[in-house]
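Structure, as structure tokens:
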Amino acid sequence: MYTFSNRLKIGSFIAMGLGLIFLAIGFVSAPSTVEEAKAIVAAAHGDGHGGGHAEEAVSHGEDHGAQAAHGAEASHDEGHDASHDEHLLHQLQNRPWAALYVAAFFFFMISLGVLAFYAIQRAAQAGWSPLLFRVMEGITAYIVPGGIIVFVILVLSVLHMNHMFVWMDAEVVAHDELLQGKAGYLNPTFFLIRAAIFLGGWIFYREYSRKLSLAQDESDDNSNFVKNFRWSAGFLVFYLVTESMMSWDWIMSLDPHWFSTLFGWYVFASMFVSGITVIAMVSIYLKSRGYLEVVNDSHIHDLAKFMFGISIFWTYLWFSQFMLIWYADIPEEVTYYIARFQDYKLPFFGMLVMNFVFPLLVLMNSDYKRVNWFVVMAGIVVLLGHYLDVFNMVMPATVGDQWYIGLPEIGGILFFGGLFVYWVFNTLTKAPLLPKRNPFIEESRHFHY
């Protein structure tokens with residue numbers, strides 16, 4: 001039975017405490033008026049990015065006022081300036097919310113990616129992985145608190161506590177024919193109903209599969225194993241549909257004028273490789289602490305192979321989505337990338353290096369996949385890269401060019417990272433780390449690649 005070390009427990013509590021403080025500072029320091037927003041932007045101008053748009057927001061009115069020669073033109077300019085300034089205010093107010101949302105979604109998607117990998121192993125009746133099932137079950141336990149937190153953020157968005165989802169603003173929809181055409185799907189009530197169905201289905205499968213897994217340990221036949229196989233196969237159908245819809249609702253609808261038919265697969269690839277990476281890192285940690293002695297280098301090698309393979313798959317989807325949109329050069333589509341090229345060069349291209357170039361160079365060699373510290377190092381880079389992936393998906397639509405990595409972003413990572421570590425490792429203490437009566441347990445014990 002795994003024992004949760006006090007050092008790890010204290011570390012997770014400290015991370016959560018610091019994260020809450022940093023997030024609170026972010027919310028408290030957010031502007032409440034247009035004048036405060038202008039002052040913040042004026043003070044921050046010249047920090048190396050985002051200055052052009054901010055400068056325009058501050059001086060736009062002066063330029064137009066100097067050019068206005070007639071009353072009607074001046075009135076038009078003032079109205080434009082007021083709208084522009086209000087948009088700037090919303091961007092700065094969104095920043096702590098967006099930082100919270102990015103971190104909340106990132107750690108939740110890790111758990112959801114592990115759940116998909118776990119279900120695939122169950123449905124495929126894989127012989128190499130049963131020794132890792134309890135690790136996967138520990139990580140998927142975070143789906144419950146992580147899913148609830150994400151759902152609460154979505155509810156608060158519907159209640160207009162932030163301006164992240166512009167289609168939730170009735171005034172915006174009233175002046176936007178495209179959003180009016182999507183109102184049958186993109187409306188707050190149906191949005192929350194779908195979210196509840198997604199989360200309910202994912203949590204139900206996780207809890208029921210875990211129950212069957214533990215029951216199999218004490219059973220004298222394979223009935224629970226067979227039930228788990230059937231439920232896992234059915235769940236994968238549900239997951240493939242709901243994961244795609246979730247990515248449209250929770251991420252793509254932040255840019256409601258833009259869409260991509262590949263987006264569901266793109267988000268899936270990101271969560272899948274992140275989840276597999278965490279399985280490898282947690283397994284290596286437990287092995288280093290004297291647990292999971294029967295997990296050998298071949299198990300780690302296979303996990304690292306998945307890390308490498310899904311990283312290539314993610315890159316294929318990234319390039320396919322980018323190349324087709326960029327080559328077609330349709331204004332409604334290409335603006336998605338223009339915003340990221342202009343205002344997010346470092347995180348956008350840095351993400352590409354961390355998620356593709358680094359895994360390609362580091363994890364291609366088969367021998368390196370058996371070196372634990374090497375896999376952990378690669379895993380840290382991969383996880384940081386996919387955090388930036390989520391950052392790039394959320395921030396441009398919510399804060400525009402008013403972004404930087406500061407206290408709210410660091411606070412979000414610390415809080416949810418601490419909560420994730422605490423919840424996962426606390427769950428690992430609830431049951432033996434090695435399944436007893438899985439029919440393939442001996443095959444897994446003697447697995448060698």
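Values reported hereafter were calculated over all heavy atoms of this structure, with side chains retained and with hydrogens, waters and symmetry mates removed.
Between the side chain of Trp258 and the backbone N or O of Glu333, at least one donor-acceptor pair lies under 3.5 Å. Put simply, the side chain of Asn222 never gets that close to the backbone of Phe225: no donor and acceptor are under 3.5 Å apart. A donor-acceptor contact shorter than 3.5 Å is absent between the side chain of Lys436 and the backbone of Glu218.
Here Lys369 contributes atom NZ and Asp302 contributes atom CG; the two are 10.0 Å apart, rounded to the nearest 0.5 Å. Between the CZ atom in Phe391 and the CZ atom in Phe348 there is a gap of 13.5 Å [rounded to 0.5 Å].
In this pair, Tyr239 and Trp202 present their aromatic rings tilted. The plane angle is within the 30 to 60° band.
If you look at Phe235 and Tyr205, their ring centroids are closer than 6.0 Å. Note: Phe191 and Phe165 meet the aromatic proximity criterion, with ring centroids under 6.0 Å apart.
Counting heavy atoms from C-beta on, the side chains of Leu100 and Pro408 never come closer than 4.5 Å. Taking 4.5 Å as the limit, some side-chain heavy atom of Val273 sits within range of a side-chain heavy atom of His386. Asn228 places a side-chain heavy atom less than 4.5 Å from the side chain of Ser213.
Geometrically, Lys9 does not engage Tyr422 in a cation-pi contact defined by less than 6.0 Å to the ring centre and at most 45° from the axis.
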